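Notes for the one structure printed next.
One-based numbering, in listed order, for ligands and for the atoms of each. Keep in mind the model is a prediction, meaning the values are calculated, not measured.
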Amino acid sequence: MRKSKKILSLFLVLMILFSLAGCQSTEPASEELTDVEPLEDSLYAAGSYTGKGQGMNGEIEVEVTVTENEITDVKVLAHNETPGVGDIALTDIPANIVKHQSLGMDAIAGATYSSKGVLEAVANALVQANADVEALKAKVIKSEKGTSVTTEKEVDVVVVGAGGAGLAAAVSAHQNGASVIVLEKMPKPGGNTIISGAAYNCVDPKRQEASGIEDSIELHFQQTYEGGDEVGNPELIKILVENAYPTLEWLEGLGMEFTDYVFTVLGGLWPRAHRPVMPLGTGYITTFMNYIENNSSDMEVMLNTEATNIIMEEGRAVGVRAEGPEGPVIVKANKGVVIASGGFSKNTEMLNEYNKAWPDLSNTLSTNHPGATGDAIKMAVEVGANLVGMEHIQLLPLGDPDTGSLAGNIEQAVENRIFVNKDGNRFVDEGARRDVMTQALFEQEDDFLWIILDSQNYPTGDVKNNFNESIDELVAAGRAFKADTLEDLADQIGVNADNLVAAVEKFNEHVESGQPDEFGRTLYQWRMDTPPYYAGARKPTVHHTMGGIEINTETQVLDTSGNIIPGLYAAGEVTGGIHGTNRLGGNALADINTFGRIAGRNAATEK
Ligand code: ADP
């Protein structure tokens with residue numbers, strides 16, 4: 001073989017040099033080197049060469065640039081490979097050839113023909129550069145840790161996103177017999193779910209009845225549908241409201257605990273919200289992660305691994321390509337792919353692209369975690385998915401003025417607090433839909449409100465909000481204000497005292513009469529008359545993106561002609577069409593768990 005001959009001759013030259021250096025130190029070594037034919041020892045004739053190979057859909061043409069000893073560049077000049085399939089090979093194979101100076105790598109799963117086409121084209125180009133192609137093919141590159149060679153795995157179901165919907169799908173797929181890999185781009189699981197208020201809406205025959213609360217599946221349906229301006233898909237809403245309680249029982253069966261207390265969450269319109277025992281959304285994520293740990297022989301969550309493409313073969317989703325901490329990752333899915341990557345509230349570009357209802361959102365903060373950037377929406381579009389309702393973006397009126405987070409929120413119950421503006425005047429029904437409250441807030445000075453409530457919400461200073469912050473801590477930190485009189489409170493927060501006192505007096509009249517007030521408020525419980533009084537500042541914050549990938553009632557992803565994309569499922573905030581223009585508070589957790597569970601089951605059973 002030509003290359004081994006070269007290596008041998010180089011070895012001999014070196015031997016001679018060493019022996020000369022050792023024995024005849026008077027002779028300069030460089031003189032000996034001039035006797036070696038330089039071309040004999042170079043691997044390539046330097047230059048750029050083009051070559052062609054047969055891909056999946058036709059010829060692939062590449063240009064390969066070499067120096068005497070190195071392949072420095074491989075460019076694909078022309079191809080006809082399928083987006084989302086072939087383009088994987090068109091980037092990875094060239095990168096690996098240059099990195100490893102080899103043609104001895106396996107084809108990429110799901111892009112076999114395109115991979116072989118690129119390798120063939122590069123080999124044909126290198127032949128012209130006098131390369132020993134057989135030797136390059138014999139240099140076998142294996143996928144292993146620490147290299148940037150593509151890591152390949154194969155399971156039944158692959159899930160994109162380890163938030164609530166993705167983990168629910170993973171657990172449900174496993175319960176239905178599937179091996180599962182979850183890809184998560186962040187260093188930890190949880191997504192927005194783990195930092196959410198975590199309230200879960202469902203009509204509950206046990207807890208609501210025990211508290212004397214009347215409710216029905218029909219009312220939950222009607223409020224969800226009408227609360228979204230009748231824009232949501234009634235079939236999906238029906239699945240949501242009918243399955244929310246069985247899914248809550250499923251969660252309990254997995255070990256998750258909810259309190260017995262049912263309440264009205266902000267913008268929830270009715271007391272049907274369930275509160276997990278663990279703070280925020282940690283209960284959901286802990287429950288799912290425990291299950292996954294207990295079944296680690298055929299379940300895995302790959303962190304720091306960002307999905308970049310859905311792999312399609314003959315129109316079917318067969319896997320996911322991702323970027324992991326050690327290089328490219330391909331997970332082949334024998335049964336199904338579930339997209340559960342959440343919304344795009346942290347992607348200002350996408351928000352501005354789709355926003356129609358709100359003022360410019362470039363400077364509006366968000367409650368979301370940094371991973372809520374909507375990348376997988378683009379991935380789904382690349383393989384033909386249809387998007388619905390992208391312009392429906394939910395803002396909350398209760399963001400922290402500095403961070404946008406819901407932390408520091410002093411409200412305890414919708415019924416027992418009012419909002420006032422910088423003048424100390426009320427301006428909206430505080431039990432209204434989230435969009436209605438936030439629209440009204442944008443019309444106030446500096447888009448700014450104060451929550452006002454009394455100590456019936458905080459019988460002691462140790463009582464905590466659902467961010468585990470006690471009211472005493474918030475006051476001590478200057479994030480909330482406390483006073484024995486409304487006048488003093490007004491003074492501390494710089495609003496007109498007469499206005500604030502009048503607002504509370506009028507509110508109390510309506511608590512007693514139970515009649516709707518001038519803003520249409522109907523939710524009341526106690527008079528606000530028990531000092532100390534508290535105030536907390538809030539601003540609008542981007543919270544939830546209602547639009548996204550279109551699915552059917554089986555969570556199958558639909559294309560732009562309304563056809564099912566085989567093998568592809570989606571669940572959670574990444575989907576659209578459920579909540580219409582406005583999502584009710586407390587419906588998100590019900591949505592992501594209900595549809596995540598359905599998606600996992602269906603992906604596992606290969607619908
Ligand atoms: P949902 O409530 O719908 O479950 P979450 O925000 O809780 O949404 O979870 C979505 C998860 O998906 C987040 O943890 C987020 O980091 C992850 N994610 C988003 N894009 C990608 C991606 N391209 N690859 C892998 N994970 C992703």
Side-chain angles (χ1 to χ4, degrees), residues 84 158-172 181-200 240 247 251 280-289 300-311 319-325 328-331 337-347 350 366-383 394 542-549 551 555 569-579 583 586-600:
V158 57
V159 179
V160 177
L167 295 178
V171 169
S172 153
I181 285 183
V182 185
L183 305 173
E184 169 54 56
K185 72 173 178 178
M186 303 302 284
K188 62 177 187 54
N192 277 331
T193 304
I194 204 165
I195 56 164
S196 72
Y200 186 115
L240 169 67
T247 303
L251 288 165
L280 301 177
T282 54
Y284 300 97
I285 303 302
T286 308
T287 302
F288 293 137
M289 289 306 288
E300 183 185 358
V301 178
M302 297 177 73
L303 298 173
N304 296 305
T305 305
E306 178 167 352
T308 52
N309 303 83
I310 314 282
I311 302 170
V320 176
R321 174 184 146 79
E323 270 308 313
V329 175
I330 300 282
V331 186
V337 173
V338 180
I339 306 176
S341 51
F344 57 94
S345 290
K346 275 283 192 182
N347 185 331
M350 275 179 87
S366 168
T367 58
N368 282 212
H369 85 123
T373 50
D375 353 312
I377 293 180
K378 293 179 193 149
M379 275 164 55
V381 168
E382 266 170 30
V383 299
Q394 178 163 86
V542 182
H543 185 54
H544 186 99
T545 47
M546 271 80 66
I549 299 169
I551 53 167
T555 71
Y569 302 81
E573 194 178 341
V574 75
T575 63
I578 298 167
H579 306 287
R583 177 176 64 73
N587 268 3
L589 269 301
D591 163 5
I592 65 172
N593 285 291
T594 296
F595 286 101
R597 183 181 174 212
I598 295 172

> Going through the distances and angles, do K185 and T373 end up as a side-chain contact (heavy atoms from CB on, under 4.5 Å)?
Replying inline: CA-CA 11 Å; K185 72 173 178 178; T373 50; 2.6 Å; yes
> Taking all non-hydrogen atoms of both residues, which atom of S345 and which atom of E573 are closest, and how far apart?
Replying inline: OG-OE2, 4.3 Å
>> Please list the nearest protein heavy atom to atom 12 (O) of ligand 1 with its residue and the distance rounded to 0.1 Å.
In response: G161 CA, 3.2 Å
> Between T575 and Y569, is any pair of side-chain heavy atoms under 4.5 Å apart?
Replying inline: no
> Where do T193 and I592 come nearest, in terms of heavy atoms and distance?
Replying inline: OG1-CD1, 3.5 Å
> Hey, what's the ring geometry for H544 with H579, parallel, tilted or perpendicular (30° and 60° as the breaks)?
Replying inline: perpendicular
> With a cut-off of 4.0 Å, which atoms of ligand 1 are near a heavy atom of E306?
Replying inline: 23 (N), 24 (N)
> Going by the order shown, which atoms of ligand 1 are within less than 4.0 Å of some heavy atom of G164?
Replying inline: 4 (O), 7 (O)
>> For atom 4 (O) of ligand 1, what is the closest protein heavy atom, and at what distance to 0.1 Å?
In response: A165 N, 2.8 Å
>> Counting only heavy atoms, tell me which of G163, G596, A372 gets closest to atom 9 (O) of ligand 1.
In response: G163
> Any N/O of A307 closer than 3.5 Å to an N/O of ligand 1?
Replying inline: yes
> Between D375, V160, L589, which one has a non-hydrogen atom sitting closest to atom 20 (N) of ligand 1?
Replying inline: D375
> Quick one: does N368 get a heavy atom under 4.0 Å from ligand 1?
Replying inline: no
>> I'd like to know whether K188 forms a side-chain contact (heavy atoms from CB on, under 4.5 Å) with I194, so could you lay out the CA-CA distance, the side-chain angles of the two residues, the decisive distance to 0.1 Å, and finally the verdict.
In response: CA-CA 10 Å; K188 62 177 187 54; I194 204 165; 4.1 Å; yes
> Where do E382 and N309 come nearest, in terms of heavy atoms and distance?
Replying inline: OE1-ND2, 3.5 Å
> In ligand 1, which numbered atoms sit nearer than 4.0 Å to a non-hydrogen atom of L183?
Replying inline: 25 (C), 26 (N)
>> With heavy-atom distances below 4.0 Å as the criterion, list the atoms of ligand 1 near G190.
In response: 7 (O)
>> For atom 5 (P) of ligand 1, what is the closest protein heavy atom, and at what distance to 0.1 Å?
In response: N192 N, 3.5 Å
> Heavy atom of A340 under 4.0 Å from ligand 1?
Replying inline: yes
> Which atoms of ligand 1 have any heavy atom of G572 under 4.0 Å away?
Replying inline: 3 (O)
> Atoms of ligand 1 less than 4.0 Å from M186 heavy atoms?
Replying inline: 16 (O)
>> Name the residue from V160, I181, L183 that meets the side chain to side chain contact (heavy atoms under 4.5 Å, CB included) definition with T305.
In response: L183
> Only one of V331, V182, I310 clears side chain to side chain contact (heavy atoms under 4.5 Å, CB included) with V158; which?
Replying inline: V331
> Which residue holds the protein heavy atom closest to atom 2 (O) of ligand 1, what is that atom called, and what is the gap in Å?
Replying inline: T193 OG1, 3.2 Å
>> Would G371 count as a polar contact of ligand 1, with the cut-off being nitrogen or oxygen pairs under 3.5 Å?
In response: no
>> Under 4.0 Å from a heavy atom of E573: which atoms of ligand 1 are those, numbered in the order shown and with their elements?
In response: 3 (O)
> Considering only protein heavy atoms, which is closest to atom 19 (C) of ligand 1, and at what distance to one decimal place?
Replying inline: S341 O, 3.2 Å
> What residue and heavy atom of the protein are closest to atom 27 (C) of ligand 1, and at what distance?
Replying inline: K185 CG, 3.7 Å
> Short N/O distance, under 3.5 Å, between I592 and ligand 1?
Replying inline: no
> What residue and atom, counting heavy atoms only, is the protein's closest point to atom 16 (O) of ligand 1, and at what distance?
Replying inline: E184 OE2, 2.6 Å
> Which of the numbered atoms in ligand 1 are below 4.0 angstrom from a heavy atom of G342?
Replying inline: 3 (O), 8 (O), 10 (C)
> How close do S366 and V542 get, heavy atom to heavy atom, and via which atoms?
Replying inline: OG-O, 2.9 Å
> For the residue pair L167 and P189, what are the closest heavy atoms and their distance?
Replying inline: CD1-CB, 4.5 Å
> Of all heavy-atom pairs between V574 and I339, which one has the smallest distance, and what is that distance?
Replying inline: CG1-O, 3.5 Å
>> I need the T247 OG1 to L589 CG distance, nearest 0.5 Å.
In response: 12.0 Å
